[in-house]
Each structure stands twice: as C-alpha cells, then as structure tokens.
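The structure appears right after this line, and notes come after that.
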Amino acid sequence: MSGIIVLGSQWGDEGKGKLIDVFSESADVVIRSQGGANAGHTLVVDEQKIVLHLIPSGILHEKIKCIISAGVVLDLDSILQEIDQLKGHGYLKDDKQLAISEACTVLLPYHKAIDAARESTAKNKIGTTCRGIGPAYEDRASRRALVFGDLYRDEDIREKLAHAIEEKNFLLTKFYNQDPINLDELYDRTMFAAERLEPYRCRDASLTVHKYLKSGKKVLFEGAQGSLLDILHGTYPYVTSSSTLAGSACTGTGFGPGSVEKVVGITKAYTTRVGEGPFPTELNNEVGELIQKQGGEFGATTGRTRRCGWLDLVALRYSIRINGITNIALTKLDVFSGMDQIGVCTSYKLKGETIKDMPMSATDLHQAEPVVEWLPGWDESLQDAKTLADLPSNARNYIQFIGNEVGTPIDVISIGPGRHQTLWIKPLFQ
Ligand code: IMP
C-alpha cells in the first residue's frame, strides 16, 4: 500500500497546491481525480508564480509522473494554456510526464456559457467559478458528454458536436437570451486541442495506477476544492458538482480503498470561502479584512476576494469523519503574526442548544452561531523558522490546541508560500 490521498478539509483554497508540490519530492506519481479548471493552485518556485487548474502540482518535479484521471472534467482551452505556461517556464520537457485518461469528460465552451448564463440570471446564486463545471458533470450524468477518448476514435465528432449544440443553443438563445455557439468554430477548436493533446492520451489510467501501486511506487492523489464543497456531503446547494472527498480518489481513478495508506487533510489555520453559502465563523469586520490582506486571500481562478473567518473545529471534525482523515497538514499559520489573540470555534449554538456536530442543512448552518475560544497570539514573523522549536510558544500552543481538540495528528506546518517554509513533524511516506 503506498497511496496517499491529499485533500482540502475546508471550503477549498487550503494551500493544497504548495503542499502537493512539496510532498511530490518524495513521491513517484501524482494523480488528479475530480473537479476541473474551477481549481486554482498557485505555486511559487524560484520566485516564479505558476497557476495550475487541471495539471497536478507534482508536474514541477521532472521525475514525477502526473495523471489526470476519469473523474476530471477536462477543459480543453485551460489545459492547453497550462501546458504552454509550463513549457514556457522550462517544465514538462518530456511529454510522457503527463497522462490524461481517455475516460475524462470533455468540457467545452457551451458548458461555460450555460454556467455563466445561469449564474447571471439566478435568484439564489451559488457563486460558481463560471468554468462550466456543473453543466459538464450534468452531461456526464445524463450520458450525453463527449469523453476525451472520443476525440481520437473513428467517430464523427462534428456530428456529435452538432447534436450537442442543438440543445445547448436552444437553451442559450431561447431561455438565457445569449449568443449561440458556432459549430464550425467549436469543431475547429476541439480538433486543434485534440491534436495538441494526443501525446498525453492515456488509454487506461486505472490500469496504469494499479501497476504503480502494485509495484510499490509512492502515489499521491491530489484533491481539488474542499470537503465542505462536496456534492453530497457539503453545504448543499452551495457546493461544487463533483465529490471532493477521499473516496472520490478511488472512484475518479478506478482503484479500491484498500490501497490507501493515509488521508492527509490540508487545513488552513483559519477558514476561507469563495462564493455564496453559510459560513458560521465568518468575520465581517476589520479582523476578517486583516486576515484577507495578510493571507493574500484572493481566488487563483477568478480573482474574487475570499471571505475569511476563524478556524472552525466543528466543520474540521466533520471533515475528518467523512474523509477518514488520518493526518493533518496545517497551512498559513504565519498569517496570524501580529495578532493579539486568535479565535477558534469549538462548537455551535443552534436553536438554544450547544452542538459539536455539523448540522446537515444549509439553513441550519446559516443560523448556527460559533462558540469561540480565544488563544493568545504572537508578534514574531514565522517565515524563517526551520523547525517547530523555532516557533513562538503561542504558535506551538495553537497547533497543540487544534491537534488535541480534533484528536488527529498534525504532521506538517506550512509557514509561507516557499517550498522551504514547511516544517515537518512526521515524514509523509514512512
Ligand atoms: P463551481 O465548482 O465553479 O461550480 O462552483 C461552486 C462553488 O464551489 C462556488 O462557491 C465556488 O466558489 C466554489 N469553488 C469551486 N472550486 C473552488 C476551489 O478550487 N476553491 C474554492 N472554492 C471553489
């Protein structure tokens, strides 16, 4: 068993990209198994900023094989841009480093057009990234999606696209009052992408991963978004359209849970959320603004300002339970430097009761009031710490408090965007 699942334990943007990049140093393979270009992983290497949406962050290590597996909705335009960006920075020299499963759902411009049209006319907005994620997964579920492998089979893609846009254009023009999608343009763009992506085509990603796992290779599964955005167990309807939980690494790639050794929950030292939906610990005040500013909390995909609040242990315990998180990696602890005191939500008050378990409906969660405990802050900058012992005692207390409250070991602390700003308490692979 050498599969480790790394996922976000909150509402996304926990700093997974940086940590996957760091964890990749000791891995052989990194796999992305759900979501699409709604994800945005910002990596800072040698002062170069690289933003990835679909390609796993392990790609920056030449020896790492990166796989995009069946559960992903593959935005052709986005992946071509990412490949160009990587090659422009001197990465992805060998095309064999990246493999894209033929079973991925192809995400096309009409998915994005419908997503954007729905968001702009909706009474109850979700605040999606407008990257076409919902409409693409809808097509998969209704069995009308084009899959990546279709682009290379002897099928009439033009006819398939024509058939698809017949319905989409009806919706776009008649219901949403938008421009229709042009078939010639769509076909040319799709075939151009297919030709450029051919070197990355992988006929059976599940079998490839199985062989890696069987031969004892170290395999990382990189989650996208966060657990509370899961389509079934998140704060529905304010969620994304894929399963973001640990189990989706198995279903999205096609392997059994018996091969999973650890589930690492990446957890930000505070909480953020983009888009709409309940957020009990949100700080609509100058403290929230300070965290936002110090933490650079602006979306990597849409540039939107992230809502900020204290760490929510009710939500974190829930996330640990529904994912089977075995270890925590705590990120962005450095953002608290200069704060007198730090709040942590340990329970909620709901309808006159104190509760420690996450309420299941978004309506209840909207009404939940956080019960906040206060811990002393610190002035020092953490960014140059080399070991846990270099941290101010109040920062160490904070880490210990969280670990004790949730009963799950904290193995890694991230104290800045750089690779070296990572404090290891326990190695990832034994
Ligand atoms: P969608 O995934 O674009 O449909 O957006 C649905 C919800 O998930 C919105 O609230 C988005 O802001 C949120 N979301 C989607 N992807 C991410 C992500 O990578 N990080 C944080 N929030 C995300």
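Values in this document were obtained by computation on a predicted structure and should not be read as measured data. For ligands, and for the atoms within them, numbers begin at 1 and follow the listed sequence. Residue numbers run from 1 in the order of the sequence given. Excluded from the calculations below are hydrogen atoms, water molecules and symmetry mates; all remaining heavy atoms, backbone and side chain alike, are included.
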Quick one: does V239 get a heavy atom under 4.0 Å from ligand 1?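 Judged by the 4.0 Å heavy-atom criterion, V239 does count as contacting ligand 1.
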Would A224 count as a contact of ligand 1 if the rule is a heavy atom under 4.0 Å away?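 Outside the 4.0 Å threshold, so no.
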Give the residue and atom name of whichever protein heavy atom lies nearest to [atom], and the separation in Å to one decimal.
atom: atom 5 (O) of ligand 1; answer: T128 CA, 3.3 Å
atom: atom 3 (O) of ligand 1; answer: T129 OG1, 2.5 Å
atom: atom 22 (N) of ligand 1; answer: V274 CG2, 3.4 Å
atom: atom 12 (O) of ligand 1; answer: R304 NH2, 2.9 Å
atom: atom 20 (N) of ligand 1; answer: D13 OD1, 3.2 Å

Per the salt bridge (charged side-chain N to carboxylate O under 4.0 Å, His left out) rule, what does the pair list look like for residues 355-369, sequence neighbours excluded?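 Sorted result for residues 355-369: K351-D364.
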Would K218 pass as a cation-pi partner of F429, given that its NZ or CZ must be under 6.0 Å from the six-membered ring centre and within 45 degrees of the axis?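 Yes - K218 lies over the ring of F429, closer than 6.0 Å to its centre and within 45° of its axis.
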Atoms of ligand 1, numbered as shown, that sit under 4.0 Å from any heavy atom of [X]:
X: T240; answer: 1 (P), 2 (O), 6 (C)
X: G127; answer: 9 (C), 10 (O), 11 (C), 12 (O)
X: W11; answer: 21 (C), 22 (N)

Does a side-chain N-to-carboxylate-O contact under 4.0 Å join [X] and [Y]?
X: K268; Y: E14; result: no
X: R131; Y: D75; result: no
X: K93; Y: E62; result: yes
X: R307; Y: E297; result: no
X: D77; Y: R189; result: yes

Give the intermediate values and the outcome of ring pair (Phe, Tyr, Trp, His ring centres under 6.0 Å) for residues Y398 and F336. CA-CA 11 Å; Y398 186 77; F336 287 144; 5.4 Å; yes
Check each of K87, R196, R201 against D95 using the salt bridge (Lys or Arg N to Asp or Glu O under 4.0 Å) test, and report the only one that passes.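 Single pass found, and it is K87.
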Can you figure out which of E119, K112, Q225 has its heavy atom closest to atom 15 (C) of ligand 1?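 Heavy atom nearest to atom 15 (C) of ligand 1 belongs to Q225.
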Indicate, as side chain, backbone, both or neither, the part of L229 found under 4.0 angstrom from ligand 1 when only non-hydrogen atoms are considered.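 Just the side chain.
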Is N38 close to ligand 1, meaning an N/O of one under 3.5 Å from an N/O of the other?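 Yes.
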